[in-house]
There are 2 protein chains.
Amino acid sequence: MHDDGPTGRERDQVTIKDLSAELDLSITTISRALNGYSDVSAKTRERVQQAARDMGYTPNRNAQRLVTQKSHSIGWIKGDGSQHFVDPHFVEVFAGVLREVKNYDYDVVFASGDEKEIIPLYERYVKDQSVDGFILELPQPNDARIDYLLDADIPFVVHGREARSDKYAWVDIDNFGLFETLTTVLIGAGHKHIAFINGDEHYSFAVERRRGAQAALEKMNLAPDSLTIYNAVHPMVHAGFQLTQKALEDPTITAIIYSSAVMAVEGQAAIEGSSRTIGEDLEIATMDDELRHVDVSHLEDKISFVRAPLNDSGHALVRQLMQRIQNKGAPSGELIPGRIKLRPNLPAHLVPDCFEVEQAK
Amino acid sequence: MHDDGPTGRERDQVTIKDLSAELDLSITTISRALNGYSDVSAKTRERVQQAARDMGYTPNRNAQRLVTQKSHSIGWIKGDGSQHFVDPHFVEVFAGVLREVKNYDYDVVFASGDEKEIIPLYERYVKDQSVDGFILELPQPNDARIDYLLDADIPFVVHGREARSDKYAWVDIDNFGLFETLTTVLIGAGHKHIAFINGDEHYSFAVERRRGAQAALEKMNLAPDSLTIYNAVHPMVHAGFQLTQKALEDPTITAIIYSSAVMAVEGQAAIEGSSRTIGEDLEIATMDDELRHVDVSHLEDKISFVRAPLNDSGHALVRQLMQRIQNKGAPSGELIPGRIKLRPNLPAHLVPDCFEVEQAK
DNA sequence: TTCTTTTTCCAAAACGTTTTGGTAGATTAT
DNA sequence: ATAATCTACCAAAACGTTTTGGAAAAAGAA
């Protein structure tokens, strides 16, 4: 029966005071030398930097945060009940964000909460000084989070758009443009009956994609019923297979557009089980989400792709948010540029200039 | 041409000093009242709490962190090049972690880095006092991260196990036991030729599952070739479909075990396209990962499941890490208990006691 | 009553930085 | 030679908490 001994894990950090003692300089000078101020001589600065390295000095972030009144962190808070949580797109954007924040020496603090807790969480993290600003995603019409953040004048950036997106900074991929272009190209190649296998239109990005495809019809003077829409409903594993089977029951269909690479890969199995052959009597085009667990390389030569790298979205989100945090200029939106890769015989001249286009020969 | 005006975003937080002035009490008393010390009268405590609410006081985390020398944050650092990043299991565990940390009033800071940056990142985050401990996952044999963290005596917990897992705290699901049990039950029901559609054995969890299934053979006195192993290779979308087709080419197969619900759902399509019928001349059992984007409800009555909730893993990870941070006891491992749901005619008595078993009638 | 104990409060130090407002000395200008 | 400027440094205050070591007042014990 004895008392808790020492834990043995007291790491004693080397502080600016240790450097000061070691070098016989004031802590002011140490601080200013390390932070690149001009009122310290080159020789002294060199000495300080050397000693800092030698002694393994790392400034205490919490002291910095306290005195500068900046957390050097951004917050990302998700509703924990949401289906969205597991969306693989999220992970890709997340990866892009994590990579980009390092360029600003920022950290990311992540939290989840019940739908009703979200706004109090935003409030707390800011009052806390845990966080300088927020990333949010999947904005909904009249999103209460956006109401709050705008009203409280807290820096934030949104992945996606809704009605008042001119009021805040956002980043989005050009869902409308991507699918308008893809559809236009297929129509330009002579297809008059096209299937569009889309995601769940509960999500606004799916709605945008469908609208883009339909806009192409109008532009190319085709009747609305030239495009048949098939919507996957969440949860949607294997929807691509089933919807493709359904689409192929219509013999007039000569082309299929997929809204995601997963569905395209699944669809391929259904096509192989049918009498059709990709690239011969069936033209396939798809959005390639570039998710790491979906390999489309075996299809590269047989089908066409539009792409809009989600990692770039993550990078852009961070850049936009940093502008907001530093209060630079008016909030602006950023559309991630798309790329398109076309099969040989498709009409590349129909692709607008804002796209980077590549064509296999 | 004018100077930058005021930014207009200076939020002036209410501090403990404001409360002190308002209530005419020392800041010591305010602090102690709010932190539940016993040397403050009930009446005063009440007054303080009321005023704190009224004035919207939230303690500044960075000041707290500085003075207590605790960050009240845990770190999670991932290699950003890894395929693993997108693993949907990660997201579920992550969600569990996020939910549990709130019970400890902790935050999660997340970072990614190049494989070579990881260890320096661990080092920085600790010296920084950004973080009190770490969660890591997918440990590899002789994992350098674990070497470092053990050596530096930094609190951490691992999701998964490797050779020296007796030296640190870990949480894992009982992959071996889950699949040993599932296989035992099928053998006990009389199946003599079983297909096991497993994940990529590059991952140790997949190896464990295969070993568990094979252990069942031995226990039940069946020859090793009674179990045919099919391995999906990453990236594995649609592998369940293809591997099932392949398995069904063997007419002696009377049961299939799937290593994931996604593959089971995909496999179902292949079975429907064959001459077999689930539950009649083909017995199906699967791991249900309980991922939010995979719906197995339509299969509930037709096949058997083992489950080991990933959210629970997240909760356990946090609990274990908190023990380490508070330096309580020796590091211990925690096996997440499994559950099993059996179809009517399967022999439930073969399930070991550590499982929670349910049987449809 | 007087002494002791308990209750309730507080002043001051500490955590590790950054920033403000200097000053002493060297250099340049007059 | 004197004044003005520039260079290189520093003491002290500040950021907002928690904690330490009391001390005054109230209650209880003798």
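Any value given below was found using the heavy atoms of this structure, including those in side chains, with hydrogens, waters and symmetry copies removed. Letters A, B, ... are given to chains in the order of the sequence lines, protein chains preceding strands, and every chain is numbered from 1.
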Review point. For D24(A) and dA8(D), what is the distance between atoms CG and C1' respectively, to the nearest whole Å?
Key: 15 Å
Review point. Within the structure shown, what part of the strands sits under 4.0 Å from T28(B) by heavy-atom distance: base, sugar-phosphate, or nothing?
Key: base
Check your understanding: In whole Å, what is the span from the OH atom of Y57(B) to the P atom of dG16(D)?
Key -> 10 Å
Review point. OP1 or OP2 of dT17(D) less than 4.0 angstrom from a side-chain nitrogen or oxygen of S31(B), does that happen here?
Key: no
Review point. With a 3.5 Å cut-off and no angle check, do the side chains of R61(B) and S71(A) form a donor-acceptor pair?
Key: no
Exercise for review: Among the candidates dC10(D), dG16(D), dC9(C), find the nucleotide nearest to the side-chain atoms of L66(B).
Suggested key: dG16(D)
Exercise for review: Report yes if at least one side-chain N or O of Q69(B) is closer than 4.0 Å to OP1 or OP2 of dG16(C); otherwise report no.
Suggested key: yes
Check your understanding: Touch check for N62(A), heavy atoms < 4.0 angstrom, all strands: base, sugar-phosphate only, or nothing?
Key -> nothing
Check your understanding: When you check the phosphate oxygens OP1 and OP2 of dC10(D), does a side-chain N or O of Y37(A) lie under 4.0 Å from one of them?
Key -> no
Check your understanding: Is the shortest side-chain N/O distance from T44(A) to OP1 or OP2 of dC9(D) below 4.0 Å?
Key -> yes
**Study point:** Parallel, tilted or perpendicular, as decided by the 30° and 60° cut-offs, for the rings of F110(B) and F94(B)
**Key:** perpendicular
Point to revise | Closest nucleotide among dT8(C), dT17(D), dT17(C) to the V67(B) side chain | key: dT17(D)
Exercise for review: Return yes if a side-chain donor-acceptor contact under 3.5 Å exists between Q320(A) and E334(A), otherwise no.
Suggested key: yes
Practice item. For R65(B) and dT17(C), give me the distance from atom CZ to atom P, rounded to whole Å. Key: 16 Å
Study note, to complete from the structure: Rounded to whole Å, NZ of K70(B) lies from P of dA14(C) at a distance of 22 Å
Check your understanding: Would you say dT18(C) has OP1 or OP2 under 4.0 Å from some side-chain N or O of N35(A)?
Key -> yes
Practice item. Look at all strands and tell whether R32(B) reaches a base, only sugar-phosphate, or nothing, counting heavy atoms closer than 4.0 Å. Key: base
Exercise for review: Would you indicate, yes or no, if dG16(C) has its OP1 or OP2 atom less than 4.0 angstrom from a side-chain nitrogen or oxygen of Q129(B)?
Suggested key: no
Exercise for review: Take atom CD of Q64(B) and atom C1' of dC15(D), then tell me their distance rounded to the nearest Å.
Suggested key: 14 Å
Practice item. Give I27(A) one of three labels, base, sugar-phosphate or nothing, depending on what nucleic acid heavy atoms sit under 4.0 Å from its own. Key: base
Practice item. Could you check how far CD1 of I30(B) sits from P of dG16(D), rounded to whole Å? Key: 15 Å
Exercise for review: Rounded off to whole Å, could you give me the CG-to-P distance for the N60(A) and dT17(D) pair?
Suggested key: 17 Å
Practice item. Could you tell me whether D39(B) contacts a base, only the sugar-phosphate backbone, or nothing, with contacts defined as non-hydrogen atoms closer than 4.0 Å? Key: base
Point to revise | T68(B) side chain near dT17(D) phosphate (N/O to OP1/OP2, under 4.0 Å) | key: no
Point to revise | R53(A) and Q50(A): side chain donor to acceptor below 3.5 Å | key: yes
Practice item. Determine, for R164(A) against E162(A), whether the closest basic-nitrogen to carboxylate-oxygen distance falls under 4.0 angstrom. Key: yes
Exercise for review: Could you say whether K17(B) or S41(A) is positioned toward the 5' end of DNA chain D, judged by the nucleotide with the nearest heavy atom to each?
Suggested key: S41(A)
Review point. Which whole-number value in Å describes the distance from I16(B) CD1 to dC15(D) P?
Key: 14 Å
Practice item. Kindly say if T29(B) contacts the phosphate of dC10(C), meaning a side-chain N or O under 4.0 Å from OP1 or OP2. Key: yes
Review point. Once the angle between the rings of F134(A) and Y125(A) is folded into 0 to 90°, is it parallel (under 30°), tilted (30 to 60°) or perpendicular (over 60°)?
Key: perpendicular
